[in-house]
**Student:** 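The structure under discussion is supplied below as structure tokens; questions concerning it will follow.
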Amino acid sequence: MPKSRIRKKADYTPPPTKQAATIKLNSRGWVAPVMLALFLIGLAWIVVFYVTDGSLPIDSLGNWNIVVGFGFIAAGFGVSTQWK
């Protein structure tokens, strides 16, 4: 029986390199400072309320000052969704 022909494989040639696409992060410059400011204002509002036994920041709101503080923090999370 005759030997089968051996096919010679072509040498490995790597695929052509693709140029890396430049990624442009169009992050708006105002988002991070506003987000952090809202977080800190909310935190400070709640801390001041607890430290002063409810007499500050707004005495007439009473325990609703906690809701106001968490409102600032929630607004910070809302602003964070604009970050690209």
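By convention here, the first residue in the shown sequence is residue 1. Small disclaimer: the values here were computed from a predicted structure and weren't measured.
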**Student:** When rounded to the nearest 0.5 angstrom, what distance separates CH2 in Trp64 from CZ in Phe49?
**Tutor:**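 These two atoms lie 12.0 Å from each other.
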**Student:** Shared ILVMFWY cluster between Ile41 and Tyr50, side chains joined below 4.5 angstrom?
**Tutor:**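 In one cluster with Ile41: Tyr50, yes.
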**Student:** In Å and rounded to the nearest 0.5 Å, what is the CG to CZ distance from Leu43 to Phe70?
**Tutor:**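 Atom-to-atom, Leu43:CG and Phe70:CZ are 9.5 Å apart.
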**Student:** For the residue pair Phe77 and Phe39, establish whether any side-chain heavy-atom pair is separated by less than 4.5 Å.
**Tutor:**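 Side-chain contact under 4.5 Å: yes.
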**Student:** Heavy-atom distance under 4.5 Å between the side chains of Trp30 and Val79, does that happen here?
**Tutor:**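 Contact flag for Trp30/Val79 side chains = yes.
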**Student:** So, for Asn65 and Ile58, which heavy atoms are closest and what is the spacing to 0.1 Å?
**Tutor:**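 Heavy-atom minimum between the residues: ND2-O, 2.8 Å.
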**Student:** Can you name the closest pair of heavy atoms from Asp59 and Gly54 and give their distance?
**Tutor:**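 Taking every non-hydrogen atom into account, OD1-O, 3.4 Å.
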**Student:** Search all heavy atoms of Gly76 against all heavy atoms of Met35 and return the closest pair with its distance.
**Tutor:**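 In terms of heavy atoms, the two residues are closest at O-CG, 3.5 Å.
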**Student:** Which pair of heavy atoms, one from Thr52 and one from Leu56, lies closest together, and at what distance?
**Tutor:**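 Between these two residues, the closest heavy atoms are OG1-N, 3.2 Å.
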**Student:** In this structure, would Leu38 and Val67 fall into the same cluster of hydrophobic residues linked by side-chain contacts under 4.5 Å?
**Tutor:**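 Yes, one cluster joins them.
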